[in-house]
Amino acid sequence: MGDTTVNMTGGESEDLPTLNLLHVHYDVKEYIGPWYKGACLRHKSNKKILRDITAQFKAGEITALLGNSGSGKTSLLDVLSCRTNGGVSGKVYYNNQEISKKLIRQKAAYVMQADRLLSKLTVREILTYAAYLRLPGNNSKKDIKIKVQKVINDMGLNTVSDSRVGGLIIRGISGGERRRVTIAIQLLQDPKILLLDEPTTGLDCHTARHLISKLVEIAKRGKIVILTIHQPRSDIFRLFDNVGILSLGEMIYFGMSKDLVPYFTTLGYPCPQYANPLDHYVDLASIDRRGYEEQHNTMFRVHKLIDEYLDSPILQDINDKVMFETLKPRYSFSYRRLFVNLYRERQNWVFRILVAAAYVAVMVAFLLRLQDNQTSIQDRIGLYWQSVSVASFGSIIIAVPTFSNLPSIRDVFYREYRDGLYSIVTFIAAYIVHLIPVQIMSTLVLSAVGYW
Ligand SMILES: Nc1ncnc2c1ncn2[C@@H]1O[C@H](COP(=O)(O)OP(=O)(O)O)[C@@H](O)[C@H]1O
Ligand SMILES: [Mg+2]
């Protein structure tokens, strides 16, 4: 196993991770009625929180999820971080692997909205204690010091690293700095994916811009950064690589931020000259609940926008990319390749036929000497017993060297299994199926002589 583990952990895909979502739906069960009736007696209804979300998040890019309150931004982050408490359907892949709680715990960090920091400690102390808690025990004191210094540099906290954080009563570092400390704590583990729920809420616009530019720097170092944001200013808009606009749990736009205005302009909603495009289009995607008529009109508009997006070439393009990176290699290509590879391992089946042929030769030699008397009956029974068992013993003789001594199949299997290309069951099924014709042939050869 020693040599194979080295193969398994490396790999190109690891360097530039991609997070793919394909037709993701998220439903929760809601209980309607007074609480004292309990879960069983209350009326249950399904609430659709997210509908048919297809998206791609790449390393090195920062993506902002926008939308009115209640549009499903936080829920989308919950789905990505496996923190949901309801039914999620559809596929979420990290590289080629379907995400699980365990995988996300290794790869992602989630920065919650509130900063909960101990007020009497300095920034460096907070980060050092967090590092002791979060990093594996084999990190030495020196390693921890280096890692803490690195995140302090990354989040631009050098000037305040030895100041007390402070709280409501004692003044300490500023709001923007507190937020950066919260993010720095999450960066200690060097996550591949950074998820942030409303990181700029409560910050003034200059501080918010500074924070986002720090996040852009972090993304540029090969991480996937996804954040939700409530009311971004237009100068922040230019910092994002991608934006997603949600409304009623559905996407009305997901794509590059530079394509946002051209896309809505083709739909007949140009952005007024001095307006902030993000504000303008988030407003367009929101429901006005002040009156019946307004609600009806805005609802109609939002549904039209959702339909337009579902038919748009932008979504088609993302869909193709996601399908290419997730489904295709999993089901058709790698499966077929596995077959071709197994067939090309000729030893596998040529040996089987040779074993059968050799046995036939022995059997013929044996049969020629058989006579028709009492003792020869016993010889015949012995011969038939051998013929039945030779097929299965033959398989064992071949299977042992194939999987234990021939390194190629075994190593390829371990590597591809780790990359999530196929499961153990798939491999064994393919292995068995590709041998069926050979098995039938060798059995036919054997019985062609034995029967007569
Ligand atoms: N666990 C849950 N149970 C019931 N409703 C939920 C749950 N999580 C989210 N919701 C509902 O889903 C909608 C979207 O919520 P959320 O993702 O928090 O919106 P946003 O972050 O965009 O403001 C809201 O209407 C919210 O009430
Ligand atoms: Mg939210």
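Remember, it's 1-based here, ligands and their atoms both numbered in the order they're listed. Any value given below was found using the heavy atoms of this structure, including those in side chains, with hydrogens, waters and symmetry copies removed.
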* Structure fact -> Residue shell for ligand 1, any heavy atom closer than 4.0 Å, reads V28, K47, I49, N68, S69, G70, S71, G72, K73, T74, S75, N85
* **CA sep, side-chain torsions, deciding dist, call: K220, E217, salt bridge (charged side-chain N to carboxylate O under 4.0 Å, His left out)** => CA-CA 5 Å; K220 289 281 175 284; E217 283 171 26; over 6 Å; no
* Is atom OH of Y129 surrounded by more than 12 heavy atoms (other residues, nucleotides or ligands) closer than 6.0 Å? -> no
* With ring centroids as reference points, do F254 and Y263 lie under 6.0 angstrom apart? -> no
* Side-chain H-bond candidate by donor/acceptor type, T207 with D204, under 3.5 Å -> yes
* Which word best sums up how the rings of Y309 and Y253 line up, parallel for under 30°, tilted for 30 to 60°, or perpendicular for over 60°? -> tilted
* **K223: partners by salt bridge (charged side-chain N to carboxylate O under 4.0 Å, His left out), with sequence neighbours left out** => D190
* Structure fact -> Residue set satisfying salt bridge (charged side-chain N to carboxylate O under 4.0 Å, His left out) with D78, at least two apart, ordered chain then number -> none
* **Within-2.8 Å protein N/O/S contacts of the Mg ion (ligand 2)** => T74 OG1
* To do: Take Q149 and K145, measure what side chain to side chain contact (heavy atoms under 4.5 Å, CB included) needs, and give me the verdict at the end.
  => CA-CA 6 Å; Q149 189 55 49; K145 227 174 160 176; over 6 Å; no
* Asked: Per the side-chain contact (heavy atoms from CB on, under 4.5 Å) rule, which among I173, I152, I183 passes with L157?
  -> I152
